[in-house]
Amino acid sequence: QVQVVESGGGLVHTGGSLTLSCTASGLPFPSYAMGWFRQAPGKEREGVTCISQNGLMSNYADFVKGRFTISRDNVKNLLYLQMNSLKPEDTAKYYCAASPSYYGSQSLRNDNYEYWGQGTQVTVSS
C-alpha cells in the first residue's frame, strides 16, 4: 500500500522560511518523479514545483521561482520543499505527489500524478 505523508507545515510571518518534507512508502521512490502542489481556500489546486526521478531536472511555477527550492534524497526516500521569503499569498495546504514519469514542462499538471498525500497547512501572516 502506497503512503505519501507531508510534514513541516505551520505558521510563519511574512518574509520567513519553512521547510516541508514528504515521505513516500510502498513504491520505488527513486523511480518516481515527485511534485509539490498547493490549494488555497476557494481556489483550485495548483502545481508549485516538481523534480525528476534522479533529481537533476526540476520545474517551478513562476510565482515561487527564486524563493522555493525542491530537493530529494533517494536513499532516505524523502522529498523536501525549502520555502523562503514567504508571502501571505503562499498560504495554502501543500500536497506532495508521486508520478511514474517526469513530463518536463507538463510536470506541474495535477493529472500527471498518481499518488497524493493528505497535505500540510502553511499559513503566512502579514
Side-chain angles (χ1 to χ4, degrees):
Q1 182 179 357
V2 176
Q3 282 193 315
V4 179
V5 180
E6 305 91 341
S7 62
L11 174 64
V12 63
H13 292 299
T14 296
S17 298
L18 210 55
T19 300
L20 305 183
S21 300
C22 169
T23 63
S25 59
L27 54 76
F29 184 80
S31 298
Y32 276 74
M34 300 296 295
W36 287 100
F37 295 77
R38 70 185 188 186
Q39 187 168 21
K43 294 187 177 182
E44 292 187 354
R45 188 164 57 189
E46 58 184 359
V48 175
T49 179
C50 55
I51 190 167
S52 63
Q53 290 89 330
N54 59 12
L56 295 181
M57 296 181 287
S58 59
N59 277 338
Y60 292 89
D62 288 343
F63 52 79
V64 301
K65 280 182 181 176
R67 300 189 299 125
F68 290 12
T69 302
I70 191 171
S71 62
R72 65 188 297 162
D73 184 332
N74 282 349
V75 174
K76 297 180 179 178
N77 286 9
L78 285 169
L79 177 74
Y80 302 101
L81 180 63
Q82 174 67 44
M83 304 185 293
N84 298 326
S85 302
L86 282 161
K87 306 174 182 179
E89 50 264 44
D90 294 318
T91 295
K93 198 165 191 179
Y94 283 71
Y95 297 88
C96 172
S99 170
S101 298
Y102 183 74
Y103 294 94
S105 61
Q106 300 298 310
S107 291
L108 291 178
R109 291 177 49 136
N110 286 264
D111 54 6
N112 286 335
Y113 288 78
E114 187 173 350
Y115 301 107
W116 293 82
Q118 295 298 307
T120 185
Q121 179 67 37
V122 172
T123 303
V124 185
S125 63
S126 57

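We number each residue from 1, following the sequence as shown. Because only heavy atoms are used, hydrogens play no part in the values below, and waters and symmetry mates are left out as well, while side chains stay in.
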State the [atom1]-[atom2] distance between [X] and [Y], to the nearest 0.5 angstrom.
| X | Y | atom1 | atom2 | value |
| --- | --- | --- | --- | --- |
| Arg38 | Arg45 | CZ | CZ | 13.5 Å |
| Met34 | Leu81 | CE | CG | 11.5 Å |
| Ser58 | Leu108 | OG | CG | 10.0 Å |
| Asp73 | Leu79 | CG | CG | 10.5 Å |

How are the rings of Tyr115 and Tyr32 set relative to one another: parallel (under 30°), tilted (30 to 60°) or perpendicular (over 60°)?
tilted
Exercise for the section: Assign the ring pair Trp116 / Tyr95 to parallel, tilted or perpendicular, where the plane angle (0 to 90°) is split at 30° and 60°. Expected result: perpendicular
Nearest atoms (heavy-atom pairs only) where [X] meets [Y]:
| X | Y | value |
| --- | --- | --- |
| Asn84 | Ser17 | OD1-OG, 2.9 Å |
| Leu86 | Val12 | CD1-CG1, 3.5 Å |
| Tyr102 | Cys50 | CE1-SG, 4.0 Å |
| Ile70 | Tyr60 | N-OH, 2.9 Å |
| Ile51 | Ser71 | CD1-CA, 3.9 Å |
| Asn59 | Ser107 | ND2-CB, 4.1 Å |

Would you say the side-chain atoms of [X] pair up with the backbone N or O of [Y], donor to acceptor, closer than 3.5 Å?
| X | Y | answer |
| --- | --- | --- |
| Thr91 | Val124 | yes |
| Glu6 | Thr120 | no |
| Ser85 | Gly15 | no |
| Gln82 | Thr19 | no |

How about CD on Gln118, more than 12 heavy atoms from neighbouring residues, nucleotides or ligands closer than 6.0 Å, or not?
no
- Query: Hey, does the Lys NZ or Arg CZ of Arg72 hover above the aromatic six-ring of Phe29, less than 6.0 Å from the centre and inside 45° of the axis?
  - Reply: yes
TODO: Would you indicate whether the side-chain heavy atoms of Trp36 and Cys22 approach each other to under 4.5 Å?
DONE: yes
Q) Do the side chains of Phe63 and Glu46 get nearer than 4.5 Å, heavy atoms only? A) yes
Open item on the list: Checking side-chain polar atoms at under 3.5 Å, does Ser31 have a donor or acceptor matched by the opposite partner on Gln53?
Closed with: no
Margin query: Run the side chain to side chain contact (heavy atoms under 4.5 Å, CB included) test on Ser25 and Asn77 for me, step by step, so that the C-alpha distance in whole Å, both residues' side-chain angles and the decisive distance to 0.1 Å come before the verdict.
Written below: CA-CA 8 Å; Ser25 59; Asn77 286 9; over 6 Å; no
- request: Assess whether side chain to side chain contact (heavy atoms under 4.5 Å, CB included) is satisfied between Arg67 and Met83, documenting all intermediate values.
  value: CA-CA 6 Å; Arg67 300 189 299 125; Met83 304 185 293; over 6 Å; no
field: Electrostatic pair Asp90-Lys87, nearest N-O below 4.0 angstrom
entry: no
With clusters defined by side-chain heavy atoms of hydrophobic residues (ILVMFWY) lying less than 4.5 Å apart, directly or transitively, does Phe37 cluster with Val5?
no
